[in-house]
Each structure stands twice: as C-alpha cells, then as structure tokens.
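Note that the structure is a prediction, hence the values are computed from the model and not measured. Order of the sequence lines fixes the chain letters, A, B, ..., with proteins taken first and strands second; residue numbering starts at 1 for each chain.
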Number of protein chains: 2
Amino acid sequence: MFEIFNQHRSIRKYSGKAIDSDLLNQLLETACRASNTGNMQTYSIVLTTEDDLKKQLAPAHFNQAMVVNAPVVLTFCADFNRFTKWCEMRQAQPGYANFQSFMAAAIDAVILAQQFCVAAESKGLGICYLGTTTYNAGEIIEALNLPELVVPITTITVGYPAEDPLLTDRLPLKAIVHRETYQHFSDAEIDSFYAEKESDPLNRQFIIENQKSTLAQVFTDIRYTKANNEFFSEKFLQVLRMQGFID
Amino acid sequence: MFEIFNQHRSIRKYSGKAIDSDLLNQLLETACRASNTGNMQTYSIVLTTEDDLKKQLAPAHFNQAMVVNAPVVLTFCADFNRFTKWCEMRQAQPGYANFQSFMAAAIDAVILAQQFCVAAESKGLGICYLGTTTYNAGEIIEALNLPELVVPITTITVGYPAEDPLLTDRLPLKAIVHRETYQHFSDAEIDSFYAEKESDPLNRQFIIENQKSTLAQVFTDIRYTKANNEFFSEKFLQVLRMQGFID
C-alpha cells in the first residue's frame, strides 16, 4: 500500500490511451469520500477533455504542454455558489461571501484533489499539479465560465504515463516535523537540511546554466521571483474580490 | 485499494493504543512524498503528543475532546520561514512575504495532510480534520511558538479508532463535477441534489431540535453563521498580516 504513496512522481507526458469513463467516475466518487467541512461539499471539479477548451485553458497555465496533451484536465474549485443557491431556495440567509469561507472551501478542494490523485495513481494513472491555477485564476474563470463564489484553486492533468521520471529529493524529516512545538533552526541545521539538494549534479548544472552562484538564487531570481509573486498576489486578490469572497 | 479511500469516516474517539513511533515516522515520510510546488516543501508539521501542550491547543479548537484524547495532534502549516532563512544564508533575495506565496504553501500543506491521512487510514488509524485551525490560528501560533511566515492551515487528530461511525451522505456526482465548463443549475436540479440529505431522519431531527424550518437554516443560523464567518475572516486576515504574508 505504502509503495503507491511513496512512488509518486509528477507525470507530464501521457500515452494515447484514453481513461475509461467508468474508472474516471469511480475516481471522482472516491475523491468525494474525503473529509470536508461540515459535509457541505463546497467545492466543484470542472472536467475538461475537449481539445478546444484545453487550448483555451493552456495560456492560463503558461502553455505547459500537458494541458493540451493530457486526456483529462481537472480544475478543482472552491465553490460556495451551489450551497448559497440552496440556502436561498430554503429561506436561509447565506453568509459565505467572506475570506474564512473561501479558506474552508479552498482547503476542502485540495483535500478532494489529493484524494483523487492517490486513487488515480493506485490505478496506474499519472498526474501533475499545476500551481499556475492561482496565478491566472481570472483567465481560468473566463475559460470555464465560473460564476460568483467559485474560484479555481488547483488543476491536475491526468493520463496514462508515457515517461518514468526518477523520484525527486526531499528534505530530511527533521526539517519538516517539529516535535511538540516549533523548533528554530541554527545555520548549521539549515546547511545540513539543504546539503543533499545543493550537491545534486542536476541542481549544480541549473546554477551554472542560469549564471547564478547558489541554488537558492535559481529560486529567488528565476523560478519564484519577488516581482512575480507580488504581481500574482495582487491578481489573485483581485479575483477573490471579483468572485465575492473579499471586499 | 479503493475500499480504504471509500471507507473514510472522521474518527473522534480513540482507543488507548499508542502509535508506534516507527510507523508514525514512516507515515510522515510518506506524506512528504506528495506533490509540492517547485519541490520547495514550504510547509511544516508540528507533532504534539504531550498532555500539557494538547491542553494548551484545545481552546483554539473550541475544546473538542479529541484534541486532548488523541495520542497525536498534527498541525499542518504553510511555512516560508525555513526556505527564506536558506535564501538569506545563500546570498539570495527571498520574495515570499506575500499572498501568492501563502496560497502556494497553504495548498501544499493540505496536499501533505491528505496524503498523511490516506496513508494512516491504510494502516488502520483513524483521523479527524479540525477546521477550527483557521478560526483561531493566532492562538495556535502562540501555543506552538510559530515564527513569521508560518501559519497553521489545518490540524488532524490521529489514533486507533474506538468508534465505528456510519459513512456520511454525499451529494450526487453531477452536483460536483461539471463537464467541460461550469454548468449553472436550475432550481429543480438543486432540489434533487439535496433531496437525500433533506430526507435523512437525523437531519430532520436537527431541524426540529434547533427549532428551524429547513436544514439549510441549521447551517446558516447555527453551524456556519454569517456573523461568525465574518468575525473569523477578520481574525485570520489579521494573522496573515502578523505572520508577514499580507500588508
């Protein structure tokens, strides 16, 4: 059982094999069995398979090839629209146009997504998460016609693997798990946590290719820059306003 | 395999049986194998087992009994503190004190949590998510000594089950899954989606006990009220400011 969980690699290349629709429905049903807040199920999944729609979604994901090439693209959304509509139809005053409700729905959408992923992987499928979803949520809202109180949180592409990438490194557990309360790390501890990552030949090559002097600079100057993070922060906050979750 | 995923029930009562520390470490390692943004692992888990600390955490979770009674309480946090410290030690200018970075780290913390949960359940353990984490994040930060750029996102209690609750209902899949693009539901569709939930004898009893006329009113007037949601929204935004993720 553990093997499946421990063997996760992001799969970005898919074979032409279609996903059986019964299997897909089973996986979606299984995903919905995961925990959720108050059993309100304030989430939605938009299942996109049509080429035209995948092409419309692709720019929002910076045209990463798997969006068009995967047989199935799933956009997981925080969704208080359905629940609010139900409340209004039942003489109940909904109060979900706020940040706390957004957070609860977003957390539940991610629990749903990850339950889908492990179930899919247990059936031989490969998945890849697209973090671009919160960068360009507005463009996704437009492409998928999402109404108020619905915000895309994460996207996964799904299909049968046509690649077999290596497992990626992980920090030692003591860097992640704090016993009883949070432990503040010394410089020597930080050095030791990142030693494996920094000595990895591929990572050393990234440093050279990008003309940087440290691996951390590859992250701060190229991959996840302050300017981009600040730009996309404003953009996402604007989406939360547009969809009615914050003022 | 599917059976485990499909049999999830929140377990709130635990037997006295301790969780073997090797098993717990294995589960934590397995959780860290899940997907994360750019392999930055910008999350932490605070593992609390001491009675005194569990008692300190309990009020933040509205004194739900399982916080004190579970052998293990895991607080999953968005954490850009460690990564930022590494950047600063490597002549790299970190740019993660913003909302987009918070969202990425929060999403990854939840993926981590859910991977832990399914792995734990596959070994016969029971878990329960505590949505109170984002209500009283400030109190949790104080109890667990969380530094800047660390925010608790969700908490789970873990232990061997001492109860065997029934599966809870779920909305029909067509209420959750939208084919190709978002489908706007008619009143008749909303009626049909909620029919099972509304006819459930236990839910009908809740309506009577709470002197309400519809099940939706139990949610809006008692369980998840507008006033509470707005109060806890402000509180959580204040925590994001305090921890440095928003201005």
Is I127(B) close to chain A through its backbone or its side chain, or both, or neither, when contacts mean heavy atoms under 4.5 Å?
side chain
If I measure from the heavy atoms of chain A, does K197(B) come under 4.5 Å with its side chain, its backbone, both, or neither?
side chain
At a 4.5 Å cut-off on heavy atoms, which part of R82(A) comes close to chain B: side chain, backbone, both, or neither?
both
Sequence neighbours excluded, which residues qualify as side chain to side chain donor-acceptor pair (under 3.5 Å) partners of T134(B)?
Q100(A)
Go through N25(B), N98(B), N81(B) and name the one with the most non-hydrogen pairs under 4.5 angstrom from chain A.
N98(B)
Per-residue tally against chain A (heavy atom, under 4.5 Å) across Q7(B), E198(B), Q91(B), E234(B) peaks at E198(B)
If we ignore hydrogens and angles and just use 3.5 Å, is the side chain of T220(B) paired with the main-chain N or O of P94(A) as donor and acceptor?
no
Should S35(A) and C117(B) count as side-chain neighbours, where that means a heavy-atom distance under 4.5 Å?
no
Relative to chain A, which segment of F232(B) carries a heavy atom at a distance below 4.5 Å: side chain, backbone, both, or neither?
both
Between C87(B), A216(B), G95(B), C77(B), who has the most heavy-atom pairs with chain A when the cutoff is under 4.5 Å?
A216(B)
Based on non-hydrogen pairs under 4.5 Å, which of E189(A), E230(A), M40(A), Q183(A) is most in contact with chain B?
M40(A)
Using atom types as modelled and distance alone, determine if a side-chain donor or acceptor of N39(A) lies under 3.5 Å from a backbone N or O of T168(B).
no
Engaged part of S10(A) at the chain B interface, taking heavy atoms whose separation is under 4.5 Å
side chain
Which answer fits F231(B), side chain, backbone, both or neither, if we ask what part of it has an atom under 4.5 Å from a heavy atom of chain A?
neither
Answer yes or no: is there a donor N or O on one side and an acceptor on the other, between the side chain of R90(A) and the main chain of Q217(B), under 3.5 Å?
no
According to salt bridge (Lys or Arg N to Asp or Glu O under 4.0 Å), who are the partners of D200(B), at least two apart in sequence or on a separate chain?
none
Within the side chain of Q115(A), is there an N or O that forms a donor-acceptor pair under 3.5 Å with the backbone of F5(B)?
yes
Sort A31(B) into side chain, backbone, both or neither according to what part of it lies under 4.5 angstrom from a heavy atom of chain A.
neither
Is chain B contacted by the side chain of L53(A), its backbone, both, or neither, given a heavy-atom distance below 4.5 Å?
side chain
M89(A)/D191(B) under side chain to side chain contact (heavy atoms under 4.5 Å, CB included): CA gap, chis, key distance, verdict:
CA-CA 9 Å; M89(A) 287 172 61; D191(B) 280 340; 3.3 Å; yes
Taking only distance into account, with no hydrogens and no angle test, what donor-acceptor pairs under 3.5 Å do side-chain atoms of residues 103-113 of chain B form with protein atoms, sequence neighbours excluded?
from    : atom 1 : to     : atom 2 : distance (Å)
D108(B) : OD1    : T37(B) : OG1    : 3.3
D108(B) : OD2    : T37(B) : N      : 2.7
D108(B) : OD2    : T37(B) : OG1    : 2.8

Check whether Y129(A) gets within reach of chain B through its side chain, its backbone, both or neither, counting any heavy atom under 4.5 Å.
side chain
Which atoms of Q26(B) come close to chain A, meaning under 4.5 Å heavy atom to heavy atom: side chain ones, backbone ones, both, or neither?
both
Are the side chain of N229(A) and the backbone N or O of S101(B) linked by a donor-acceptor pair below 3.5 Å?
no
Show, in sequence, the C-alpha distance, side-chain angles and deciding distance for S44(B) and V177(A), and conclude whether the side chain to side chain contact (heavy atoms under 4.5 Å, CB included) test is met.
CA-CA 6 Å; S44(B) 284; V177(A) 177; over 6 Å; no
Tell me, for A227(A) versus chain B, whether the close heavy atoms (under 4.5 Å) come from the side chain, the backbone, both or neither.
neither
Are any non-hydrogen side-chain atoms of I176(B) and L28(A) less than 4.5 angstrom apart?
no
Side-chain touch N36(A)/R170(B), heavy atoms, less than 4.5 angstrom
yes
Atom group of I246(A) that falls short of 4.5 Å from chain B, counting heavy atoms:
neither
Side-chain donor or acceptor of Y182(B) paired with backbone N/O of I45(A) under 3.5 Å
no
Walk me through it: do Y224(A) and F83(B) pass the test side chain to side chain contact (heavy atoms under 4.5 Å, CB included)?
CA-CA 12 Å; Y224(A) 300 95; F83(B) 195 81; over 6 Å; no
Stepwise side chain to side chain contact (heavy atoms under 4.5 Å, CB included) test for D187(A) and K85(B)
CA-CA 8 Å; D187(A) 287 7; K85(B) 182 157 190 183; 3.4 Å; yes
Bottom line for I153(B): the part with an atom under 4.5 Å from chain A's heavy atoms is both
Which of residues 143-150 of chain B get closer than 4.5 angstrom to chain A, counting heavy atoms alone?
A143(B), L144(B), N145(B), L146(B), P147(B), V150(B)
All heavy atoms of Q114(B) vs all of A34(A), minimum pair found to be NE2-CB, 3.9 Å
With a 4.5 angstrom heavy-atom cut-off, which part of D79(B) approaches chain A: side chain, backbone, both or neither?
side chain
Ring-plane angle category for F99(B) and F236(A), please: parallel below 30°, perpendicular beyond 60°, tilted otherwise.
parallel
Sort L240(B) into side chain, backbone, both or neither according to what part of it lies under 4.5 angstrom from a heavy atom of chain A.
side chain
Chain A contact via L57(B) - which portion, at a heavy-atom distance below 4.5 Å
neither
Test item: R33(A) side-chain N/O and H8(B) main-chain N/O as donor-acceptor pair under 3.5 Å:
no
Mind checking whether Y194(B) and W86(A) have parallel, tilted or perpendicular rings, split at 30° and 60°?
parallel
Using modelled atom types and a 3.5 Å cut-off, is there a donor and acceptor pairing between side-chain atoms of E50(B) and backbone atoms of E180(A)?
no
Atom group of Q93(B) that falls short of 4.5 Å from chain A, counting heavy atoms
backbone
Taking side chain as everything from C-beta outward and backbone as N, CA, C, O, which of these in R179(B) sits under 4.5 Å from a heavy atom of chain A? Side chain, backbone, both or neither.
both
Separation between OG1 of T181(A) and CD of Q56(B), rounded to the nearest 0.5 Å
9.5 Å
